Every structure is written in C-alpha cells, then in structure tokens.
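I have placed the structure first, in the form of structure tokens, so that the comments after it can refer back to it.
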Amino acid sequence: MQDAEMPELPDVEEFRRRFARHAAGRTIGDVVVTDAGILRNVTADELGDALRGRRFDEPERRGKWLIAWTDGPTPLIHFGMTGDIEWAGNRDGRHRHDRVVFVLDRGEIRYRNMRKLGGLWLARDPADVETLLGELGPDAASIDRRGFMELLERRRGGIKAALMDQTFIAGVGNLLADEILWQARIHPLRPIPQLSTEERSRLYRALQTVIARTVDRYPEGYETRWTIARGRPMARCPRCRTELARTVVGGRTTYFCPTCQQPT
DNA sequence: TCAGTTGTTTATAT
DNA sequence: AATATAAACAACTG
C-alpha cells in the first residue's frame, strides 16, 4: 500500500485543479462507462444522454467531493479510498481501473477507481446537488478561526472522531487528522469540552498549516506530505524521538506520539 | 491463505 | 439527540 492514493481534501483539490485545467470550457463528445458498478444513481445510457454535447464549467470542491458543473446536469464524484482524476491528450494508455471516461473535444478526463468505494452520481439541477451531497460541515480549507471555535463549542466527544466527521467539518480524513493532532500536540481521544483555549488555538493553526502544506506540496508524492510516518515499525516522533503509538479511533488506525500528545 | 488497509453508509448501542 | 462502535462495501498487498 505504498503508492496508493488516499483521497482527502488535498488530493481532491488537486483533482479539481486538473479538472479545471483540462475540462473547463470543453465540450463533452462522449461518456465511456467501462464499469457501470461505479455509477450510483444513474445508468450508463442516462449519463451519456444527459452529458453528450454539454460543456464543463469551472469545477468546485466541497470537502472530499468534486462537483463537475456543466451547462446541464452535473456529475458528483467521490473518490472513496482509491479514486483519482487523470487527463490524457488522446485515448492511449487507458488504465483498467478507469471506470468512466469523459471524451472531450480535446483530450479526455478519466475517473479512475481501483476499489469501487465512492462513485459517480448525476445531479439533475443545482437543488439536486444539495440533496445528493447531504449534510456537510464547513470546508476545512476555508473555515475561519471564529467559525472553527464555534464548531468546537457545540461538539462534545473525542477530537479525532469530530475532525473525521464530514458533517462536522468537511475534508479531513484519517491521515490528515493524525497529522493535525500531532502538530497541535493533542491526543486523538481528548474530549473537545476539556480542550483549553491554548489547545484550540494550536488546533486551528495546525489545521490551516497542514492543509496549506499538503495542498501546496501535492506533486511531491504521498510520503513527503506527512511528518509522522505510518505503518513503519519503530517509527519515532520527529520532535522527541519517542516511538509512535498505534491505536484505533473511530475504526481507523491512529498514530500519535505518547509523549507529545498526552491523554489528559 | 487471509489479515490489513482506506472513507462512507447503515445499523445498533450507549 | 448526540456520539460511539462495528460491519459492510471492493480490490489489492504483503
């Protein structure tokens, strides 16, 4: 599992940029569905009929969702744990996990997804977009300090579970959450009500800097985006050299430094 | 061979 | 009502 994408906010933001660069303003000539199992609320025929001849607009990202606006119906794409957006100038080199290909008047956009978690939905109109996306918290990349503090005020449970809850704040997944909490030196199981003003402040700062850094450094590859190593035996905290601890929070493998991130 | 992995949904429990 | 937990989902790796 060394090279796999694990799409969180920074990944989806990169997909959005790719989509914007190559698809915005382009006309959809055809929609090739090689695996209809990735389509969630639409058939391959309906998708093609709805989009052929339409033009892609500027795409939008909300949390881990990509909204591929067009001048007609709108594809909503979720990447699950292995999704990706690729562009190619022609039809050469398609990958066997390219489940949906949008053939444009110049090049083609490929929605790749090895495991088929996530998927593609088709929203018939803007109101349908809202319905399908459901309840999403404010986007983690653009929430301001005040908004974040207000969120914390009205949440009780553990901090990591909250950060990963997309209805609380949208865009943060397991890896980002671990990195943010390590930066902020806060234990993943700390109940939010007992976080001090100082800790809340560190948390907001870590959220901002980690997201900014992982988005900016996207092309450098997966490993370099994180300060703390995952899955390596005997991995140590870069700050204090303590061996990282591993546990499970919200069903997800969680790494933290038992020295820097104290449970109380 | 099979446990482990990722994000989300759904069901169930507290 | 809100939060927590676990299983299910798909496909692949080690």
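Everything quoted here is computed from the prediction, not taken from an experiment. Per chain, numbering begins at 1; letters A, B, ... match sequence-line order.
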**Prompt:** Does the pair A:D71/A:R55 count as a salt bridge with the N-to-O cut at 4.0 Å?
**Reply:** no
**Item:** A:D178 with A:K160: basic N within carboxylate O range, under 4.0 Å
**Value:** yes
Please classify the nucleic acid contact of [X] as base, sugar-phosphate, or nothing, using heavy-atom distances under 4.0 Å.
X: A:R246; value: sugar-phosphate
X: A:G158; value: sugar-phosphate
X: A:A162; value: nothing

**Request:** Check the pair A:E58, A:W69 against side chain to side chain donor-acceptor pair (under 3.5 Å), reporting the backbone distance first and the verdict last.
**Result:** CA-CA 7 Å; A:E58 274 303 306; A:W69 294 105; over 6 Å; no
**Prompt:** Taking the six-membered ring of A:W65 as reference, does the NZ or CZ atom of A:R16 fall below 6.0 Å from its centre and within a 45° cone about the axis?
**Reply:** no
**Item:** Within 45° cone of A:F102 ring axis and under 6.0 Å: A:R110 NZ or CZ
**Value:** no
**Range-with-range stems of DNA chain B (Watson-Crick or G-U pairs under 3.5 Å, three or more in a row)** = B:2-14 with C:2-14
[X] side chain to [Y] main-chain N or O, any donor-acceptor pair under 3.5 Å?
X: A:R18; Y: A:I85; value: yes
X: A:E108; Y: A:A88; value: no
X: A:N41; Y: A:L122; value: yes

Could you give the [atom1]-to-[atom2] distance, from [X] to [N], as a whole number of Å?
X: A:D165; N: C:dA2; atom1: CG; atom2: C1'; result: 11 Å
X: A:I38; N: B:dG7; atom1: CD1; atom2: C1'; result: 13 Å
X: A:M164; N: C:dA4; atom1: CE; atom2: C1'; result: 11 Å
X: A:R62; N: B:dT8; atom1: CZ; atom2: P; result: 16 Å
X: A:L175; N: B:dT5; atom1: CG; atom2: C1'; result: 11 Å
X: A:N174; N: B:dT5; atom1: CG; atom2: P; result: 10 Å
X: A:I169; N: B:dT8; atom1: CD1; atom2: P; result: 13 Å
X: A:E8; N: B:dT5; atom1: CD; atom2: C1'; result: 13 Å

**Message:** With a 4.0 Å cutoff (strictly under), does any side-chain N or O of A:Q166 reach OP1 or OP2 of B:dT8?
**Reply:** yes
Between the protein and nucleotides 5-11 of chain C, which nitrogen or oxygen pairs come in under 3.5 angstrom?
unit_1 : atom_1 : unit_2 : atom_2 : d
C:dA11 : OP1    : A:K116 : NZ     : 3.0
C:dA11 : N3     : A:R115 : NE     : 2.9

**Fill in**
Sorted by chain and residue number, the ring pair (Phe, Tyr, Trp, His ring centres under 6.0 Å) partners of A:F79 (sequence neighbours excluded) come out as A:F15, A:Y111
